[in-house]
Number of protein chains: 2
Amino acid sequence: MTEGEGTRRTPLNRERVLRAAVAFADGEGGGGADALSMRKLAQELGVVPMALYKHVANREELLTGMVDTVVGEIAPPAPGAHWKGAVRDRVLSARRTLRRHPWAPRVIEALPAPTPAMLDHLDAVIGLFRSGGLSADLTHHAMHALGGRLLGFTQELFTASPGPGPDAGAAAQLAARYPHIAEIAATAAHAKDGSAVGGGCDDQFEFEFALDVLLDGIERLHRAGWTSAAGDRR
Amino acid sequence: MTEGEGTRRTPLNRERVLRAAVAFADGEGGGGADALSMRKLAQELGVVPMALYKHVANREELLTGMVDTVVGEIAPPAPGAHWKGAVRDRVLSARRTLRRHPWAPRVIEALPAPTPAMLDHLDAVIGLFRSGGLSADLTHHAMHALGGRLLGFTQELFTASPGPGPDAGAAAQLAARYPHIAEIAATAAHAKDGSAVGGGCDDQFEFEFALDVLLDGIERLHRAGWTSAAGDRR
DNA sequence: ACCTGAACACCGTTCAAGT
DNA sequence: ACCTGAACACCGTTCAAGT
């Protein structure tokens with residue numbers, strides 16, 4: 001039990017905590033975020049558990065920060081392609097990034113709200129649809145249908161929670177930072193009043209929309225005699 | 001601390017444990033399965049925690065049993081409709097069932113392997129596609145594209161785990177009980193050898209298949225001037 | 001033979017005591 | 001003022017002791 005490692009390397013930034021947490025979840029025999037405890041992370045950093053609470057409020061905030069770090073690594077979109085190809089590229093780029101952190105989808109799905117980096121990414125994808133000429137209405141449903149695939153995995157992004165939602169001031173700030181999200185949220189396609197992000201949608205409609213797009217697409221492929229051997233991928 | 005409740009009502013079947021666990025996860029202020037601990041469940045049943053271990057090996061087996069109970073509630077398919085409508089009905093029926101147990105999707109997604117009731121359901125859906133004339137190949141990809149939607153939510157059903165897989169004897173048993181699953185698993189559409197369930201798929205191909213079906217469908221709707229107001233749902 | 005209380009090795013987080 | 005050890009209220013599971 002020597003002190004080792006020199007006394008006080010870096011005074012333990014928030015960023016260093018998050019990077020260590022991501023590295024721990026990445027490694028560690030596939031245990032992922034479940035295997036990550038405040039105590040083990042503290043030990044990894046050579047500090048007492050309580051020291052972590054100076055940089056993250058609690059375990060939930062640690063996980064949120066880890067997700068934001070990982071999602072922030074997603075490469076920016078290639079400029080100026082057709083909207084469909086551009087969305088496709090961005091989704092596959094997100095997938096490449098998240099594949100390096102296999103624990104992330106499960107953590108993301110359990111988040112109470114999207115992180116800023118997630119909102120940046122979603123706003124950018126919405127922008128691609130809109131500049132391709134799709135209506136805000138159709139774009140909204142397309143985002144729901146793609147769901148977690150937007151970040152490269154197949155899950156809900158976040159289940160519609162009946163939480164309090166942002167107040168008017170916070171909503172205005174969000175709208176300024178994420179204009180495309182604000183636009184489709186404001187779309188009155190669904191009867192209820194749309195709060196700034198996520199809330200107020202007709203879950204059942206979104207579910208059936210995506211289901212029917214998939215079933216119709218599969219039917220079309222069937223009628224066309226599609227087979228995977230035919231390199232017909234794209 | 002009186003004994004209350006009469007001494008030894010029912011000697012605590014496995015089924016009674018599972019039903020109590022499902023009821024606990026259903027209620028309890030939205031805590032879901034995370035709020036369910038062996039100790040709390042034991043208290044709910046008026047027994048000492050150790051008593052539960054007579055009926056379930058551990059917490060993981062408890063969760064598996066809970067999922068099997070819930071998925072077993074899914075209504076059987078309506079007979080003799082067109083394959084697309086039949087699949088649609090069965091998926092929406094599954095959704096109605098799982099909506100009553102909002103904790104279930106997260107637990108299902110975390111399962112190491114599908115439960116028997118899940119395999120029954122998946123086998124039945126595959127049967128609907130096949131009797132509609134779709135090839136085993138296309139059906140296989142369709143099942144991946146629908147993913148968790150087959151059970152009424154939007155998630156991966158289970159991430160491809162490189163586990164040991166069933167031995168030859170167990171595989172034969174599975175093939176006898178789930179003939180449709182065995183058939184599409186045996187399909188050599190993907191190069192690797194297909195183990196009885198789930199294993200051996202080309203994740204990237206399946207991801208891109210579903211992504212392209214969705215993007216192509218959205219593009220088609222866009223070109224057709226689709227709008228959600230137009231009651232164009234189905 | 002059966003059941004179970006106490007114990008073990010954890011966990012996130014609090015809080016008062018020590019420097 | 002800052003840091004941290006001990007403590008609190010949990011957890012899943014084991015195991016030996018009691019009937």
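Atom set for the values below is all heavy atoms of this structure, side chains included, hydrogens, waters and symmetry mates excluded. Quick caveat: nothing in here was measured; it's all calculated off a predicted structure. Just so it is clear: chains get the letters A, B, ... in the order the sequence lines come, proteins before strands, and each one is counted from 1.
Rounded to whole angstrom, the span from the CG atom of Leu36(A) across to the C1' atom of dC10(C) amounts to 15 Å. If you measure from atom CD of Gln43(A) to atom C1' of dC11(C), you get 14 Å, rounded to the nearest angstrom. For Leu12(A) and dC2(D), the CG to P distance is 16 Å, given to the nearest whole Å. One can place CG of Leu52(A) at 13 Å from P of dC11(C), the figure rounded to the nearest angstrom. Atom pair Lys40(A):NZ and dA9(C):C1' shows a separation of 11 Å (rounding to whole Å applied). Taking atom CE of residue Met38(B) and atom P of nucleotide dC10(D), one finds them 18 Å apart after rounding to whole Å. Following rounding to the nearest Å, Arg39(B) (CZ) and dG5(C) (P) show an atom-to-atom distance of 12 Å.
Residues satisfying the ring pair (Phe, Tyr, Trp, His ring centres under 6.0 Å) criterion with Phe209(B), sequence neighbours excluded, are Trp226(A), His141(B). By the salt bridge (Lys or Arg N to Asp or Glu O under 4.0 Å) test, Arg96(A) pairs with no residue at all, sequence neighbours left out. Listed by chain and residue number, nothing satisfies the side chain to side chain contact (heavy atoms under 4.5 Å, CB included) test with Ala172(A) (two or more places apart in sequence, or in another chain). Residues passing the salt bridge (Lys or Arg N to Asp or Glu O under 4.0 Å) test with Arg130(B) are Glu183(B), sequence neighbours excluded.
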Only pairs under 3.5 Å count here: list side-chain donor-acceptor contacts from residues 35-49 of chain B, not counting sequence neighbours, and write none if there are none.
from: Ser37(B); atom 1: OG; to: Lys40(B); atom 2: N; distance (Å): 3.0
from: Lys40(B); atom 1: NZ; to: Ala35(B); atom 2: O; distance (Å): 3.2

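Looking at residues 54-62 of chain A, you'll see Asn58(A), Arg59(A) sit with a heavy atom under 4.0 Å from some atom of DNA chain C.
Using a 4.0 Å heavy-atom distance criterion, Met50(B) is classed as a base contact.
A sub-4.0 Å separation between OP1 or OP2 of dT13(C) and a side-chain N or O of Tyr53(A) is present.
Counting only residues at least two apart or on different chains, the side-chain hydrogen bond (donor to acceptor under 3.5 Å, both in side chains) pairs with a member in residues 68-78 of chain A are Asp68(A)-Thr115(A), Glu73(A)-Arg100(A), Glu73(A)-His101(A). Applying the side-chain hydrogen bond (donor to acceptor under 3.5 Å, both in side chains) test to every pair with at least one member in residues 47-67 of chain A, sequence neighbours left out, gives these pairs: Arg14(A)-Glu61(A).
Under 4.0 Å is where a charged nitrogen must lie from a carboxylate oxygen, and between Arg177(B) and Asp123(B) no such pair does. Between Asp203(A) and Arg99(B) a salt bridge is recorded (basic side-chain N to carboxylate O distance below 4.0 Å).
Using atom C1' as the reference point in both dG12(D) and dT14(C), the two lie 23 Å apart (nearest Å).
Distance from the side chain of Val48(B) is smallest to dT4(C) among dT4(C), dC11(D), dG12(C).
For DNA chain D, the stems formed by at least three consecutive Watson-Crick or G-U pairs, with both atom-pair distances below 3.5 Å, span C:4-8 with D:12-16, C:12-16 with D:4-8.
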